[in-house]
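The chains referred to below are lettered A, B, ... by the order of the sequence lines, with proteins before strands, and numbering in each begins at 1. On a predicted model such as this, the values are computed, not experimentally measured, just so you know.
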Protein chains: 2
Amino acid sequence: MKLEQAAKQLEALGNPTRLNLYRALVRAGEAGRPVGYLQETLGIAASTLSHHLHRLILTGLVTQERQATTLICRANYPVMNELLGFLADECCVDAACGPASSEAAA
Amino acid sequence: MKLEQAAKQLEALGNPTRLNLYRALVRAGEAGRPVGYLQETLGIAASTLSHHLHRLILTGLVTQERQATTLICRANYPVMNELLGFLADECCVDAACGPASSEAAA
DNA sequence: GCGCTATTTCCAGGATTCTCGAAATATTAG
DNA sequence: CTAATATTTCGAGAATCCTGGAAATAGCGC
């Protein structure tokens with residue numbers, strides 16, 4: 001069920017700490033960020049960060065890659081785009097919802 | 001603080017019942033839906049629905065309008081678009097993230 | 001005002017979340 | 001193998017959320 005998955009991803013982003021964390025990764029782009037760097041930047045306990053990170057990874061919003069003892073985290077752009085698509089999906093089936101939509105003639 | 005607000009909205013959408021509810025309103029468009037209709041459609045207790053609805057209204061994602069004894073609920077499209085914008089906002093500052101972005105020349 | 005329908009508020013129990021420190025694990029360096 | 005660093009897992013307390021039933025409120029028609 002797609003809705004469940006979308007809800008989980010939204011819930012994962014619906015916590016200030018995690019949203020902040022996620023945005024840091026989004027900003028970092030392809031380069032990604034090591035866990036330790038994120039921990040210092042966000043100023044939270046390592047265990048707390050690990051907990052949140054785990055959640056983002058479970059929902060597919062973030063990926064990790066090992067580099068020696070350091071773990072590099074990256075935002076998973078395709079998953080985010082899919083989520084954005086899901087939200088905008090059924091928008092406008094019966095009403096105009098703004099300028100962001102497709103090229104359907106007025 | 002914008003991040004707090006975005007997190008609250010995402011959290012509001014990050015519950016299957018609420019996401020379902022919200023999508024029903026998105027699908028309904030301008031017409032909106034009466035609370036009672038939503039309650040039957042979703043098959044949940046009136047108090048539960050009221051609770052979730054209240055939350056969506058607090059975050060600004062949903063609006064209500066009274067029509068006699070019936071309350072019509074509508075999705076607030078501008079707010080949703082703002083939220084989508086916030087998510088896509090800092091995307092790609094350092095990496096390509098897909099086709100959904102703006103018209104900035106490459 | 002009275003009754004009627006639509007909706008919300010109050011209350012409570014059970015589940016989940018958030019946060020952290022301490023201990024455990026993983027990987028590399030020597 | 002031992003030491004050192006990076007990260008996760010464990011345990012726990014406080015807070016919040018989710019759900020529904022019962023009672024209260026809001027607006028309408030008579």
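Between A:S47 and B:L49, the residue anchored nearer the 5' end of DNA chain C, judged by the nucleotide with its closest heavy atom, is B:L49. Each of A:R55 and B:H54 was assigned the nucleotide of DNA chain C with the nearest heavy atom; the assignment lying further toward the 5' end belongs to B:H54.
Look at CD on B:E11: it is 17 Å from P on D:dA15, rounded to the nearest Å. Going from atom NZ of B:K8 over to atom P of D:dC17 covers 10 Å, rounded to whole Å. Computed from coordinates, the A:E65 CD to D:dA6 P distance equals 18 Å when rounded to whole Å. Atom CD1 of A:I72 is separated from atom P of C:dA26 by 20 Å (rounded to the nearest Å). The separation between B:L21 atom CG and D:dC18 atom P is 12 Å, rounded to whole Å. Rounding to whole angstrom units, OH of residue B:Y37 and C1' of C:dT7 are separated by 18 Å. The interatomic distance linking A:L58 (CG) with D:dT9 (P) rounds to 10 Å, in whole Å. Put simply, CG on A:L53 is 16 Å from C1' on C:dT19, counting in whole angstrom units.
Put simply, CG on A:L53 and OG1 on A:T48 are 12.0 Å apart, with the number rounded to the nearest 0.5 Å. Rounding to the nearest 0.5 angstrom, the gap separating the CD1 atom in A:I57 from the CZ atom in A:R55 is 13.0 Å. With values rounded to the nearest 0.5 angstrom, A:L10 atom CG is found 8.5 Å from B:L87 atom CG. The structure places CG of A:L13 at 6.5 Å from CG of A:L56, a figure rounded to the nearest 0.5 Å. For the atom pair B:T17 OG1 and B:H51 NE2, the distance stands at 10.0 Å (nearest 0.5 Å).
Contacts of residues 12-20 of chain A with DNA chain D (heavy atom under 4.0 Å): none.
A close approach under 4.0 Å does occur between a side-chain nitrogen or oxygen of A:T48 and OP1 or OP2 of C:dC20. Residue B:Q39 places none of its side-chain N or O atoms closer than 4.0 Å to OP1 or OP2 of C:dT8.
Checking side-chain atoms of A:R18 against main-chain N and O of A:H52 turns up no donor-acceptor pair under 3.5 Å. Here the side chain of A:R33 pairs no donor or acceptor atom with the backbone of A:L38 at under 3.5 angstrom. No donor-acceptor pair closer than 3.5 Å links the side chain of B:Q64 to the backbone N or O of B:R74. Proximity of a side-chain donor or acceptor of A:Q9 to a complementary backbone N or O of A:T59 within less than 3.5 Å is detected.
Closest to the side chain of B:H52, from the set C:dT8, D:dC18, C:dG21, is D:dC18.
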Sugar-phosphate or base contact per nucleotide [nucleotides 23-30 of chain D; S, B, -; heavy atom under 4.0 Å]: ---SBS--
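Nearest heavy atoms, A:R23 versus B:F86: NH2-O, 2.9 Å.
Across all strands, B:H51 comes closer than 4.0 Å to base atoms (heavy-atom distances). Using a 4.0 Å heavy-atom criterion, one finds that A:T70 contacts the sugar-phosphate atoms exclusively.
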